[in-house]
Amino acid sequence: MAQLLDSANYYLNPYSFPMFITALLITLLGIYVFIQDKNPVSKSFLIMTVSGGIWQAGIGSMYLMKNTMLILSFYKIFIFFGVVMIAPCIYFFTTASLGLLEEKKKYVVANYAIAFTFYIASLFTDTLARGVNEYFWGRYVLYGPLSVPFLIFFSALIIRSLLLYHDSVRKTEPGIKRDQIKLFTISLLIAAMGSVDFLSCFPPLEVYPFGYLPILVFVSLQTYAILQYKKASLSEIFGAMEDGIIVTDRNGRITEVSRSVE
């Protein structure tokens, strides 16, 4: 902790700024969606964005560090916690957004348990974060043998989430819900590009980790899909019903009315 707070262990690195900005924006979007409607979808979305924020903010902090041992410790304790939770959070959000949470709950719990096992193994061994290399954008962690099963687990959850979306698109009738699921699918495909950040963990590969860009686009599209299509779905329901419907908030203020009421 003393080394973490020692300013002598840091230097100014402009490559860290995009990471901090991305971390802030995606976390704020997650909070905003959660405030709008505290349902399982918004809760899973908030957890997913917070995990992504930990990952991005942690990488940005790592770019500022000089001390190798400090970087390794910081990665194991803070950054990898965000990294290892991303895929389980995406699967959690996928099942919630498709209305499959009750059916897939045991898989969601199992995924988090496996992820936590990887985190503990990384925390107490050097089998995942084994060293630090210096690139033009800053210092970056090198992966060891534990990274192979971890990346298989990570990839399997992303692919499984994509398959669930694809299957749901195929089964859903054309309409607002189908369009929303399509947007969820597209955004997740974009997010998968963020896996480029793992490449430079395996020398001699040297690819600038631009994963913050697809992650930011992913969260932005997800936010749009959650909020806009929810409003569109309500409008569609209101338009199809002849009965009068009035929706109020907790303070009794009218927020929505159907045409019949008007």
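Quantities reported herein were computed from a predicted structural model and do not represent experimental measurements.
- Taking CD from Q56 and CD1 from I79, the interatomic distance works out to 10.0 Å, rounded to the nearest 0.5 Å.
- Taken to the nearest 0.5 Å, the CG atom of L157 stands 12.0 Å off from the CD1 atom of I152.
- Not one N or O on the side chain of T172 forms a donor-acceptor pair closer than 3.5 Å with the backbone of R178.
- Taking 4.5 Å as the limit, every side-chain heavy atom of Y135 sits out of range of all side-chain heavy atoms of Y15.
- Listed by chain and residue number, nothing satisfies the ring-ring contact (aromatic ring centres under 6.0 Å, His included) test with Y11 (two or more places apart in sequence, or in another chain).
- Pairs of residues two or more places apart, or lying in two chains, that qualify as side-chain hydrogen bond (donor to acceptor under 3.5 Å, both in side chains) and include a residue from residues 68-78 are Y75-Y143, K76-D126.
- Here CD1 of I54 is found 10.0 Å from OG1 of T49. Values are rounded to the nearest 0.5 Å.
- The ring-ring contact (aromatic ring centres under 6.0 Å, His included) check on F81 picks up Y119, with sequence neighbours excluded.
- By the 4.5 Å heavy-atom criterion applied to side chains, F184 and S168 are not counted as neighbours.
- In this structure, Y140 and C201 approach most closely via the heavy-atom pair CE2-SG, 3.7 Å.
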Which atom pairs, donor and acceptor, lie under 3.5 Å between side-chain atoms of residues 86-93 and protein residues at least two apart or in another chain?
none

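- With a 6.0 Å cutoff to the six-membered ring centre and a 45° limit on the axis angle, K43 does not count as a cation-pi contact of F45.
- Put simply, the side chain of R170 reaches to within 4.5 Å of the side chain of D167, judged on heavy atoms.
- Annotation: the span from D197 atom CG to W55 atom CH2 amounts to 5.0 Å, rounded to 0.5 Å.
- The minimum heavy-atom distance between T27 and A23, with the atom names listed, is OG1-O, 2.7 Å.
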Review item, side-chain donor-acceptor pairs of residues 204-223, under 3.5 Å, at least two apart:
unit_1: S220; atom_1: OG; unit_2: L216; atom_2: O; d: 2.8
unit_1: Q222; atom_1: NE2; unit_2: S187; atom_2: OG; d: 3.2
unit_1: T223; atom_1: OG1; unit_2: V219; atom_2: O; d: 2.8

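- The six-membered or imidazole ring of F80 lies away from that of F118, with a centre-to-centre distance of 6.0 Å or more.
- Two residues are said to be in side-chain contact when any heavy atoms from C-beta on lie closer than 4.5 Å; Y10 and M65 meet this criterion.
- Taking the salt bridge (charged side-chain N to carboxylate O under 4.0 Å, His left out) definition, one finds that E103 meets it with nothing, sequence neighbours left out.
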